[in-house]
A.B. asks: 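Submitted below is the structure of interest, expressed as structure tokens.
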Amino acid sequence: MSTSVRTTPPAPTAPAGSSPATGRPPGRPRRTGWYGPAAANLVVGVSALYALLPLLWLLVASAVDSEALFASDFFDPSHFALFDNIGALLAQDDGAYLRWYGNSLLYAVGGAAVGALISTAAGYVFDKFEFTGKRPLFALILISVMVPATVLALPMYLLASDLGLANTVWSVLIPVLFNPFGVYLARMFSASYVPDEVLEAARVDGANELRSFFSVGLRMIAPGYVTIFLFQLTAIWNNFFLPLVMLSDESLYPLSLGLYSWNAAAPINPDYYPLMVIGSLLALLPLVIAFLLLQRYWRSGLTAGSVK
């Protein structure tokens, strides 16, 4: 009587230097299909094209004369009239565009510089000091972030009218000096960039709180200040509703409101259409220049706290 012994075949062994579970060398990434990166590149390309098409149209349309603009004939070299359009823009209405440009620079650059400083100082105080009502006051600031600026435009106009500031430069400048989101952002920057030990050392050396802020705190959170400045500069430069409510004197208009007034007159006088196009293009220059000059601080500010 013979007995049979069942033998189990040996399990396949992975190649030397490979993972027992997958059979691939350790550290080698898993191969994926080509459709994943292709889909991501397609989404990015479509998004970039969607964002750049209006700008490309503005660039091309600003370089042609009125006839080519109305006929959408942008690629005929005989219709090139960029410098003529700029000259007509600057001469229109006795140089109204230059006055509006100066007003926008005053409102945006001046308001953003002072407003960013106020926000930075407020965020620094909320981070480094303890005082009565600190938490409720900061909660109120966070709540005000969610309130649309258009909701406050009419109450601010009534208040400015009672104070005799309506239809003045101050009626546009003062409301933009307080930025709730900037206060919140400045507090986060202060917590990340300014150690308490450094301020304590400054106090031991005899510096008061105001000098400690300007000599130590403000320098250490300079990326935060620049980030808040850029955000506020963009918001004020593009602000439309507040000047529309506050101002009735065309000599005080910013660019946004001035171009709007030309747009309202364009159905009656079509000559304003090319002026609006070239005016819109030139209105982008300060924002582009500001972002290019300050991008180093801006990028470091956006990544604050991401690496410990």
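Since we're looking at a predicted model, the values are computed, not measured.
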A.B. asks: Restricting to non-hydrogen atoms, name the atom on I228 and the atom on G182 that form the minimum distance, rounded to 0.1 Å.
C.D. replies: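 Closest heavy-atom pair between I228 and G182: CD1-O, 3.4 Å.
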
A.B. asks: Are L159 and L165 side-chain neighbours, meaning at least one heavy-atom pair lies under 4.5 Å?
C.D. replies: no

A.B. asks: Side chains of I289 and F291: does their closest heavy-atom pair fall under 4.5 Å?
C.D. replies: no

A.B. asks: Identify every side-chain donor-acceptor pair in residues 101-115 under 3.5 Å, counting partners at least two apart or on other chains, and give the distances.
C.D. replies:
unit_1	atom_1	unit_2	atom_2	d
Y101	OH	L282	O	2.6
N103	ND2	R99	O	3.2
N103	ND2	S251	O	2.8
N103	ND2	Y253	O	2.9
S104	OG	W100	O	3.3
S104	OG	L255	N	2.7
Y107	OH	L252	O	2.8

A.B. asks: Between D65 and A81 (side chain of the first, backbone of the second, donor and acceptor by atom type, cut-off under 3.5 Å), is there such a pair?
C.D. replies: no

A.B. asks: Compare every heavy atom of I141 with every heavy atom of F126, then report the nearest pair and how far apart it is.
C.D. replies: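 For F126 and I141, the tightest heavy-atom pair comes out as CE1-CD1, 3.5 Å.
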
A.B. asks: Would L173 end up clustered with L152 when hydrophobic side chains under 4.5 Å apart are linked, directly or stepwise?
C.D. replies: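 In one cluster: yes.
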
A.B. asks: Under a 3.5 Å distance rule, please check whether N179 uses its side chain to pair with a backbone N or O of Q232 as donor and acceptor.
C.D. replies: no

A.B. asks: Kindly work out whether a path of hydrophobic side-chain contacts (I/L/V/M/F/W/Y, heavy atoms less than 4.5 Å apart) joins L287 to L285.
C.D. replies: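 Linked within one cluster.
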
A.B. asks: Return the CZ to OG1 distance between R187 and T120, rounded to the nearest 0.5 Å.
C.D. replies: 14.5 Å

A.B. asks: Tell me every residue that passes ring-ring contact (aromatic ring centres under 6.0 Å, His included) with F70, counting only those two or more places apart in sequence or in another chain.
C.D. replies: none

A.B. asks: Between K128 and L199, is there a donor-acceptor pair closer than 3.5 Å when you use the side chain of the first and the backbone of the second?
C.D. replies: no

A.B. asks: For a side chain to side chain contact (heavy atoms under 4.5 Å, CB included) check, start with the C-alpha distance between L275 and L259, then their side-chain angles and the critical distance, and finish with the verdict.
C.D. replies: CA-CA 9 Å; L275 299 180; L259 293 176; over 6 Å; no

A.B. asks: Applying the 4.5 Å side-chain criterion to the ILVMFWY set and letting contacts propagate, would V147 and V176 be lumped into a single cluster?
C.D. replies: yes

A.B. asks: Just so I know, are the side chains of S212 and N208 near enough to count as touching, which here means a heavy-atom distance under 4.5 Å?
C.D. replies: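 Result no, sub-4.5 Å side-chain heavy-atom pair not found.
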
A.B. asks: Measure the acute angle between the ring planes of F189 and Y193, then classify it against the limits of 30° and 60° as parallel, tilted or perpendicular.
C.D. replies: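 F189 and Y193: tilted rings.
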
A.B. asks: Take a 6.0 Å sphere around OH of Y260 and say whether it holds more than 12 heavy atoms from other residues, nucleotides or ligands.
C.D. replies: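 Not buried by this count: 12 neighbours or fewer within 6.0 Å.
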
A.B. asks: Quick one: are E200 and V204 in side-chain contact, heavy atoms under 4.5 Å?
C.D. replies: yes

A.B. asks: Assigning hydrophobic clusters by single linkage (Ile, Leu, Val, Met, Phe, Trp, Tyr; side-chain heavy-atom cutoff under 4.5 Å), is L210 placed with M220?
C.D. replies: yes

A.B. asks: Output the distance between atom CG (L158) and atom CG (L163), rounded to the nearest 0.5 Å.
C.D. replies: 11.0 Å

A.B. asks: Do L294 and T227 have side chains that get closer than 4.5 Å, going by heavy atoms?
C.D. replies: no

A.B. asks: Before you tell me yes or no, could you show the steps for Y97 and I86 under side chain to side chain contact (heavy atoms under 4.5 Å, CB included), namely the whole-Å CA-CA distance, both residues' side-chain angles and the distance that decides it to 0.1 Å?
C.D. replies: CA-CA 11 Å; Y97 185 82; I86 294 176; over 6 Å; no

A.B. asks: Give me the atom names and distance for the closest heavy-atom approach of F178 to P180.
C.D. replies: CE2-CG, 3.4 Å

A.B. asks: Who passes side chain to side chain contact (heavy atoms under 4.5 Å, CB included) against F129, sequence neighbours left out?
C.D. replies: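 Partners of F129 by the side chain to side chain contact (heavy atoms under 4.5 Å, CB included) criterion, ordered by chain and then number, come out as Y124, V125, F131, R203, E209.
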
A.B. asks: Which residue pairs pass the side-chain hydrogen bond (donor to acceptor under 3.5 Å, both in side chains) test with at least one member in residues 261-271, sequence neighbours excluded?
C.D. replies: D93-W262

A.B. asks: Between S62 (side chain) and L58 (backbone), is there a donor-acceptor pair under 3.5 Å?
C.D. replies: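 Yes; at least one donor-acceptor contact below 3.5 Å.
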
A.B. asks: Does D162 have more than 12 heavy atoms from other residues, nucleotides or ligands lying within 6.0 Å of its CG?
C.D. replies: yes

A.B. asks: Using 0.5 Å steps for rounding, measure from the OH atom of Y184 to the OG atom of S119.
C.D. replies: 14.0 Å

A.B. asks: Indicate yes or no: at least one non-hydrogen side-chain atom of V226 is less than 4.5 angstrom from one of L230.
C.D. replies: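 Answer yes - side chains close enough.
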
A.B. asks: Is the backbone of V64 close enough, under 3.5 Å, to the side chain of N85 for a donor and an acceptor to pair up by distance?
C.D. replies: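 Confirmed, N85 side chain pairs with V64 backbone.
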
A.B. asks: For a quick test of reading the model, state the closest non-hydrogen atom pair linking T168 to L247 and the distance between them.
C.D. replies: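 Answer, listing the atom of T168 first, then L247: O-CD2, 3.6 Å.
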
A.B. asks: Out of curiosity, does I118 fall in the hydrophobic cluster containing L233 (side-chain heavy atoms, cut-off under 4.5 Å, transitive links)?
C.D. replies: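 Different clusters: L233 never reaches I118 through Ile, Leu, Val, Met, Phe, Trp or Tyr contacts under 4.5 Å.
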
A.B. asks: Show the nearest heavy-atom pair for residues F214 and R219, with the distance to one decimal.
C.D. replies: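 Shortest heavy-atom contact: O-CG, 4.0 Å.
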
A.B. asks: If the condition is side chain to side chain contact (heavy atoms under 4.5 Å, CB included), which residues does A91 pass it with, not counting sequence neighbours?
C.D. replies: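 A91 satisfies side chain to side chain contact (heavy atoms under 4.5 Å, CB included) with no residue once adjacent residues are dropped.
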
A.B. asks: Atom CD of E130 and atom CG of D127: how far apart are they, to the nearest 0.5 Å?
C.D. replies: 9.5 Å

A.B. asks: For residues 148-168, which residue pairs qualify under ring-ring contact (aromatic ring centres under 6.0 Å, His included), counting only residues two or more places apart or in two chains?
C.D. replies: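 ring-ring contact (aromatic ring centres under 6.0 Å, His included) check on residues 148-168 returns no pairs.
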
A.B. asks: Given side chains that start at C-beta, do those of P175 and L242 come closer than 4.5 Å, heavy atoms only?
C.D. replies: yes

A.B. asks: Between S66 and P274, which heavy-atom pair has the shortest distance, and what is it?
C.D. replies: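 Looking at all heavy atoms of both residues, the closest pair is OG-CG, 3.4 Å.
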
A.B. asks: Could you give me the CA-CA distance, side-chain angles and deciding distance for F229 and L117, then say whether side chain to side chain contact (heavy atoms under 4.5 Å, CB included) is met?
C.D. replies: CA-CA 8 Å; F229 171 81; L117 180 61; over 6 Å; no

